[in-house]
2 protein chains.
Amino acid sequence: MEAKQRQRSVNPASADCVNDAEVAPRSPGDDGGIGGIDEIIGFHIRLAHGATYRHFTETFAELGLTQKMVSVLWLINDHPHIAQADIGRRLQMDRATTMAIINRLEARDLLVRGASTLDRRRQTLALTEGGLDALVEARRCIDEHEQWVRTRFTKKEATLLIELLRRIHE
Amino acid sequence: MEAKQRQRSVNPASADCVNDAEVAPRSPGDDGGIGGIDEIIGFHIRLAHGATYRHFTETFAELGLTQKMVSVLWLINDHPHIAQADIGRRLQMDRATTMAIINRLEARDLLVRGASTLDRRRQTLALTEGGLDALVEARRCIDEHEQWVRTRFTKKEATLLIELLRRIHE
DNA sequence: CGATTTCGTAAGCATAGCATACAATTATGA
DNA sequence: TCATAATTGTATGCTATGCTTACGAAATCG
């Protein structure tokens, strides 16, 4: 009975949520120029990220992969024998964080570590059979997921959005 | 000597990261239309979110507040006696997640819970003195943070970006 | 050569999000 | 009106993520 909580858990109704009588006169921080919290770009990025991540999770429920995992698989496929550090840089992750993800992926036999011939500090990464299968599956899901995002935009807008976002993380 | 790791931990150099010789012929998933991973909007949202969050964390290092916490304080200030469930809906969070944050905030004496007169299931939330102070401080930091984001955009672009992001999470 | 840097690893901590379950309360409908 | 459903706050447990700090091995640089 508390089963399909997820569907409703976030924004169950589109109704105006805050039904308080008094609406507060903004007592404290009326010193600066910031008006409402929804004028903060980061605020919207966070919400958009949350919404995207949620839909992604739903789409990938059966596969049991996260955004990060898929990104890593994808990257390894595009660049076989890429090193962990490079993956971290590409995806802007800590070395430690990167390793945690690689560990999870390895534990599920989606990739294998191998010694690098060039640099004995490194360990090259390669997808296994299962990893390849998973990636192919994942690509299908990503396609579906991307569709869901793109319904909101024209092709031009989508390109523009990517360009704007790129300015933030590049 | 491993101290300022953070500065370098993510994208230490702007150099081309993947210095592998062979660049892989995209063997497996060449079935679909997806080209590179960087044509996926969600991918850029995630990276942008990460970059934003990282800078936010730096800016708020002394205050020790996270985005969520600040958002909650801000919301409570704008709507005194707002209920937890409403906050969750506004910020698109689970009830349980919302409570976790409220708990942390309460443990730091930034807000207090109080019984609601209208609905005895509810507990109204109000900022304490310390909460107000923290919010004022936070607003200063957010201002700085927002500046950092906005340097990349013209006023028009910023407005546009928000509008595009809003389509995703609204 | 020695000093520094890089890479992988590890352990520990905090945040965040989800599912699930329960009790109290309110709303709803037969 | 009364049984049933829905809402609210709470608690617990699990997972994913990200950071810090630390270490040893290997590479690089001066």
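The sequence lines fix the lettering, A, B, ..., with proteins before strands; numbering per chain opens at 1.
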When rounded to whole Å, the CZ to P distance for the pair A:Phe60 and C:dC18 reads 17 Å
Ring-plane angle category for A:Phe56 and A:His145, please: parallel below 30°, perpendicular beyond 60°, tilted otherwise. perpendicular
request  = Run the salt-bridge test on B:Asp38 and A:Arg90 with the 4.0 Å N-O cut-off and return the result as yes or no.
outcome  = no
Per atom distances to the B:Arg121 side chain, the nearest of C:dA24, C:dC18, D:dA27 is C:dA24
Winner on side-chain proximity to B:Thr97, out of C:dA16, D:dG9, D:dT20, is C:dA16
message = For A:Asp143, is there an ion pair with A:Arg140 - N to carboxylate O distance below 4.0 angstrom?
response = no
From CG of A:Leu118 across to P of C:dT6 the rounded distance in Å is 18 Å
Need one value for A:Thr66: base, sugar-phosphate or nothing, where a base atom within 4.0 Å counts as base even if backbone is also close, heavy atoms only. sugar-phosphate
note: A:Leu65, atom CG; D:dT15, atom C1'; distance rounded to Å ~ 14 Å
Rounded to whole Å, CZ of B:Arg46 lies from P of D:dA16 at a distance of 15 Å
Closest to the side chain of A:Asp119, out of C:dC18, C:dA16, D:dA26, is D:dA26
In terms of side-chain geometry, is the basic nitrogen of A:Glu163 or A:Arg167 positioned less than 4.0 Å from the acidic oxygen of its partner?
yes
**Asked** Does atom CD of B:Glu129 have more than 12 heavy-atom neighbours from other groups under 6.0 Å away?
**Response** no
Rounded to whole Å, CE of B:Met93 lies from C1' of C:dA16 at a distance of 10 Å
Side-chain N or O of A:Arg120 versus OP1/OP2 of D:dA27: is the shortest distance under 4.0 Å?
yes
**OP:** Could you walk me through whether B:Ser71 and A:Arg46 pass the side-chain hydrogen bond (donor to acceptor under 3.5 Å, both in side chains) test, one step at a time?
**Re:** CA-CA 11 Å; B:Ser71 297; A:Arg46 189 152 57 69; 2.6 Å; yes
Checklist entry - Would you say C:dA16 has OP1 or OP2 under 4.0 Å from some side-chain N or O of B:Tyr53? => result yes
Query raised in the report: Hey, what's the ring geometry for B:His49 with B:Tyr53, parallel, tilted or perpendicular (30° and 60° as the breaks)?
Result: tilted
Whole-Å distance, A:Asp94 CG to C:dT9 P, equals 14 Å
note: A:Leu91, atom CG; D:dG18, atom C1'; distance rounded to Å ~ 14 Å
| field | Phosphate-side-chain proximity, B:Arg122 and C:dT26, N/O vs OP1/OP2 below 4.0 Å | value | no
For nucleotides 10-12 of chain D, tabulate all protein N/O to nucleotide N/O atom pairs closer than 3.5 Å, reporting atom names and distance.
unit_1	atom_1	unit_2	atom_2	d
D:dT10	OP1	B:Arg113	NE	3.1
D:dT10	OP1	B:Gln123	OE1	2.7
D:dT10	OP2	B:Gln84	OE1	2.6
D:dT10	OP2	B:Arg113	NE	3.2
D:dT10	OP2	B:Arg113	NH2	2.9

From CG of A:Leu47 across to C1' of C:dG17 the rounded distance in Å is 15 Å
